[in-house]
Amino acid sequence: MRTFCVFLSAMLLSACALPNASAPASLARALALLPVGDAKVTFTDWSLIRQYVSAKDLSSQSPIEQRVEFIARLSKDQSVASAYGVAHMLDHAKVWGWDSTDLDWEASTVIGQPAYVLKFRDEFDLAPVLAHFDERGFAKSEYKGATLYSHKMEPAEWLRATEFAILNTAVLKNEKIFAMSSTPDPVRSLLDVYKREAKALGDDSNIQTLANRLGSVASAYLDPAASDCHVQLGPNIPDVLRKWMEEQSKNAPTVHDYSALAIGYRIEKDKPLGLIVLRYQNASDAQADVEPRRQLAQGPSLLSPNRTIPELRFRIASIAAQDRDLVMRVEPAGDKPRVLFDMVTQRDMLWAGCLPK
């Protein structure tokens with residue numbers, strides 16, 4: 001058992017009763033294509049988001065007004081944890097022949113460099129996209145039965161309209177899947193997993209459980225190792241912030257370490273429902289942390305100490321231990337699910353803290 005330390009959550013968490021249903025096929029398939037390891041994973045189910053916003057048939061060929069409205073919804077009442085090319089979405093289709101609305105789902109992780117797996121809709125025609133690789137001088141090679149298109153970095157207009165990961169794109173034509181990264185080695189690692197010559201993240205029992213706890217989600221963040229929970233404090237924390245955090249930690253409840261974490265959301269009864277799962281080493285630790293974690297989630301935001309987590313991030317609708325997992329159903333602040341992922345990137349996760357080892 002360890003005493004909670006707010007230092008960790010503020011400065012070092014860099015990325016840090018539900019039915020036990022199976023994970024949806026899209027999330028399970030994405031995890032089956034990513035290598036096992038400690039790297040954090042983000043996932044977006046584009047098909048489900050289009051369903052949520054009543055735009056099932058929306059594609060890169062739809063009228064610009066419909067696409068602009070869809071983009072606005074992504075930061076309003078929806079959210080995307082993995083978002084390849086979204087920043088270029090209005091121009092992406094003109095330059096590359098596709099954009100995110102043509103995808104079923106996508107997932108991203110880091111394998112030395114950011115790496116992506118994109119699943120196109122079954123009816124999408126890849127031929128015009130592949131023609132762009134040829135006309136722009138991409139070198140073509142074969143690896144593990146997949147065609148790998150590669151290009152050196154250069155100041156080309158076609159590169160400014162997308163992400164650098166396009167520079168190394170493996171194409172699995174039969175499944176309409178792209179594996180992508182800015183350098184070739186991560187792509188080869190993804191293809192090794194695809195050919196079952198390397199272990200997949202989805203084979204890990206802890207990850208399987210996290211995905212099953214989330215169930216059907218529009219977007220998700222998974223930390224397979226929660227390694228940031230065990231990093232020693234750095235020397236550069238401002239003194240005023242250190243003193244404030246030391247004072248807060250004096251009255252903080254006792255909590256236990258956990259080994260993995262997942263965050264996701266879906267729409268229920270026309271409202272976003274957030275799902276947070278902490279996976280512990282044993283069931284007794286999960287049970288013991290129910291009330292302490294509830295208490296921490298009522299406390300101050302680390303970015304805005306004068307405001308609370310319920311005001312800025314989420315309010316707990318229910319919290320319960322299920323075997324080795326602590327499962328929270330939460331209501332995102334302002335009904336905006338993006339705040340759930342913002343708190344990860346902005347390191348505002350007081351409720352998820354623990355002592356460094």
Side-chain angles (χ1 to χ4, degrees), residues 29-30 33-35 42-44 46-47 50 58-64 66-68 70-71 74 80-195:
R29 182 58 178 145
L33 293 170
L34 301 179
T42 54
F43 167 81
T44 297
W46 288 103
S47 178
R50 288 194 299 271
L58 185 74
S59 75
S60 60
Q61 303 305 307
S62 298
I64 187 65
Q66 295 178 17
R67 296 169 60 225
V68 168
F70 179 76
I71 293 171
L74 296 182
V80 289
S82 183
Y84 181 90
V86 168
H88 309 280
M89 201 163 172
L90 288 180
D91 295 324
H92 203 276
K94 289 187 291 187
V95 179
W96 283 101
W98 65 275
D99 64 25
S100 300
T101 61
D102 298 310
L103 301 178
D104 269 343
W105 53 263
E106 70 170 272
S108 57
T109 189
V110 175
I111 313 172
Q113 299 291 333
Y116 298 84
V117 177
L118 310 182
K119 170 63 174 76
F120 287 83
R121 296 155 85 158
D122 290 339
E123 67 273 17
F124 184 78
D125 183 7
L126 286 179
V129 179
L130 302 185
H132 286 310
F133 288 118
D134 291 331
E135 69 189 31
R136 287 161 184 165
F138 277 68
K140 189 185 299 186
S141 60
E142 296 292 319
Y143 184 81
K144 302 295 175 68
T147 302
L148 176 59
Y149 294 88
S150 298
H151 200 290
K152 65 180 181 180
M153 185 84 68
E154 65 176 38
E157 288 299 324
W158 52 260
L159 185 54
R160 294 191 183 99
T162 188
E163 309 291 343
F164 290 157
I166 199 79
L167 292 171
N168 294 274
T169 300
V171 179
L172 303 172
K173 288 185 180 180
N174 290 339
E175 298 196 50
K176 296 197 173 177
I177 286 175
F178 281 4
M180 313 167 72
S181 186
S182 59
T183 58
D185 284 348
V187 178
R188 295 190 183 105
S189 295
L190 294 171
L191 293 174
D192 288 342
V193 175
Y194 171 73
K195 297 296 290 186

Give me the atom names and distance for the closest heavy-atom approach of Q113 to S182. OE1-OG, 3.8 Å
Is the ring pair F120/F178 parallel, tilted or perpendicular, if the boundaries are 30 and 60 degrees? perpendicular
Flag the pair K140 and D134 as a salt bridge only when some basic side-chain nitrogen lies within less than 4.0 angstrom of an acidic carboxylate oxygen. yes
Measure the CZ-CG distance between R188 and D185 for me, rounded to the nearest 0.5 Å. 5.5 Å
Identify the two heavy atoms, one from A146 and one from L172, that lie closest to each other, and give their separation to 0.1 Å. CB-CD2, 3.5 Å
Compare all side-chain heavy atoms of V193 with those of L190 and state whether any distance is below 4.5 angstrom. no
Value for CD1 (I64) from CD1 (I71), rounded to nearest 0.5 Å, stands at 7.0 Å
Closest approach of S59 to D102 (non-hydrogen atoms, all atoms of both residues): CB-OD1, 3.4 Å
Hey, are the side chains of M153 and L159 touching, using non-hydrogen atoms and a 4.5 Å cut-off? yes
What do you reckon, are the aromatic ring centroids of H88 and W96 less than 6.0 Å apart? no
Going from CG on D104 to OG on S47, what distance comes out if it is rounded to the nearest 0.5 angstrom? 5.0 Å
So, using side-chain hydrogen bond (donor to acceptor under 3.5 Å, both in side chains) as the criterion, who are the partners of D122 when residues are at least two apart? K119
So, for S150 and N168, which heavy atoms are closest and what is the spacing to 0.1 Å? OG-OD1, 2.9 Å
With a 4.5 Å heavy-atom cut-off, do H92 and Y84 have their side chains touching? yes
Quick check: do I111 and S181 have side-chain heavy atoms less than 4.5 Å from each other? no
Pair T101-M89, side chain to side chain contact (heavy atoms under 4.5 Å, CB included): steps then yes or no: CA-CA 9 Å; T101 61; M89 201 163 172; 3.3 Å; yes
So do the side chains of W105 and R29 get within less than 4.5 Å of each other, counting heavy atoms only? yes
Check residues 123-133 and write down every donor-acceptor pair under 3.5 Å in which the side-chain atom is one partner and the other belongs to a residue at least two apart or another chain.
{"unit_1": "E123", "atom_1": "OE2", "unit_2": "R121", "atom_2": "NE", "d": "3.3"}
{"unit_1": "D125", "atom_1": "OD1", "unit_2": "A127", "atom_2": "N", "d": "3.1"}
{"unit_1": "H132", "atom_1": "ND1", "unit_2": "E135", "atom_2": "OE2", "d": "2.9"}

How far apart are the closest heavy atoms of V95 and A161, and which atoms are they? CG2-CB, 3.6 Å
In the structure I gave you, are the side-chain heavy atoms of T169 and Y116 within less than 4.5 Å of one another anywhere? no
Considering all heavy atoms, the nearest E106-S82 contact: OE1-OG, 2.7 Å
Can you confirm whether R67 sits close enough to D99 that some side-chain heavy atom of one is under 4.5 Å from a side-chain heavy atom of the other? yes
Under the side chain to side chain contact (heavy atoms under 4.5 Å, CB included) criterion, do Y194 and V117 qualify, and how do the steps go? CA-CA 11 Å; Y194 171 73; V117 177; over 6 Å; no
I'd like to check M180 versus I166 (side-chain heavy atoms, cut-off strictly below 4.5 Å). Are they in contact? yes
Could you go through the side chain to side chain contact (heavy atoms under 4.5 Å, CB included) check for Y143 and D192 one step at a time? CA-CA 9 Å; Y143 184 81; D192 288 342; 2.8 Å; yes
